[in-house]
Number of protein chains: 2
Amino acid sequence: MPAPRKFTREQLRTVALAMVDEQGLAALTMRSLASALGTGAMTIYNYVDGREGLEQLVTEAVMAEARWDDVTGEWSEAVTAVAVGMWRAVRAHPHAIPLILTRRSLDPSTLATAEALLGALAHSGRSGTDLLIAFRLVTGFITGSAQSELAGPLAEGHGDDPDAATGRVRSLSSERFPHLIAIARAATASDPEIEFRTGLRIILTGLAA
Amino acid sequence: MPAPRKFTREQLRTVALAMVDEQGLAALTMRSLASALGTGAMTIYNYVDGREGLEQLVTEAVMAEARWDDVTGEWSEAVTAVAVGMWRAVRAHPHAIPLILTRRSLDPSTLATAEALLGALAHSGRSGTDLLIAFRLVTGFITGSAQSELAGPLAEGHGDDPDAATGRVRSLSSERFPHLIAIARAATASDPEIEFRTGLRIILTGLAA
DNA sequence: ACCTGAACACCGTTCAAGT
DNA sequence: ACCTGAACACCGTTCAAGT
């Protein structure tokens, strides 16, 4: 993709994310992004590597919003700072979550966030495979939490009404699925960030042992 | 969807999963499944609620393969048994992972697995919100691990050549991204199941504290 | 060098007609 | 009741022609 001119990649990123935020993932197509920019569909191919590249654009835009304060204290506090920063960025764009779950990118923002998280985790004394495991543990929890919150405790994939799914869980046999019903109820009344931090603390306790 | 006859839902599930396993996710369409079954596309609508329902079919088929032994000892061993069972089922169908990450279903297999995991976790003394958090922690780790393994440590989304992505990570500045390079190297030489069990043990340690 | 319309080979789904 | 072909309104992408 040698130096294009009519737009910048940054412009495409911004418009693409706005479309996903406002109209959902299905509304983002080569053609819809093009017409939002006032051009023909084929122009997009000068900035992005096909449909796949279009989706990476959205992932990049979300990760670029991750912010955290540099912490100088305990390693566990540094991990928490980065993890909460990532989680907030992801959570701010619920429609983009399926993309973030499945596509990884190597853009500068994603790399910087990953390296920061790894640096904090490395201060627990880990390296090599153990560091890799710790990294997957934390990132899996971040994306898993965001996704769970979006989908409801055991909601069906895409229903825009999470309460309907909760209702469906509640209508199950309480003899066969007592715990499922209990957590479906618990999920409706809770502060997401407190939940997230509580889960993270459990991981950190495990990592410190 | 009142009692259809030409096929069973079970048949559709089996054929759909086989197509995804052999030809990838993109190869599964209403039309392709129909012609694999020797009918017209519209027949599928008698068994499944549109494209969304088609994808749920695959999720169900994967979860239906989860197996574990009932454990009578420590709660942490029971959690491990169910978690490893889930992880193995998911890992056996790498092309279906994006679906499992994003669509939740309420079919009997998924419900039974979730309830079993919750039952084991409840024996740690948790209930309500704390049980919900523990559940998300474990399931997020299961799906996150399967996905990470598929995608490589920080690979680009869909490249069928994970080594290429690892190479790309390695070509980064070792001053700017030292830890990223280190874990990319560690990821190439490791036993996935040992890694998974190690990560799970860290979670269980945190949950026991 | 970058841009872009036309055309192609697909999709999912509605509808109306079959049995 | 269940089945299904035709038709519609979309997709992503190739190609060839513009500047």
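Proteins come first, then strands; the chains are lettered A, B, ... in the order of their sequence lines, and each starts at number 1. Note that the structure is a prediction, hence the values are computed from the model and not measured.
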message = Can you see if the side chain of A:Thr43 gets near the phosphate of C:dT4 - specifically, an N or O under 4.0 Å from OP1 or OP2?
response = yes
Are B:Arg126 and B:Ser124 close enough that a side-chain donor and a side-chain acceptor fall under 3.5 Å? yes
Separation of C:dG12 atom P from B:Leu28 atom CG, nearest Å, is 8 Å
Against the side chain of A:Arg31, the closest entry in C:dA7, C:dG12, C:dC3 is C:dA7
Residue B:Asp70 excluded, over 12 heavy atoms near CG under 6.0 Å: no
note: A:Leu37, atom CG; C:dT4, atom P; distance rounded to Å ~ 11 Å
Closest non-hydrogen atoms of B:Arg13 and B:Leu57, given as atom of the first, atom of the second and distance, are CG-O, 3.3 Å
Which of C:dT13, D:dC11, C:dC3 is nearest the side chain of A:Asn46? It is C:dC3
Requested in this report: Check every strand shown and say whether A:Met42 touches a base, only sugar-phosphate, or nothing at a heavy-atom separation below 4.0 Å.
Outcome: base
Checklist entry - With a 3.5 Å cut-off and no angle check, do the side chains of A:Ser148 and B:Arg104 form a donor-acceptor pair? => result yes
Rounded to whole Å, CG of A:Leu54 lies from P of D:dC11 at a distance of 12 Å
Testing C:dA6, D:dT4, C:dG12 for proximity to the side chain of B:Thr39, the answer is D:dT4
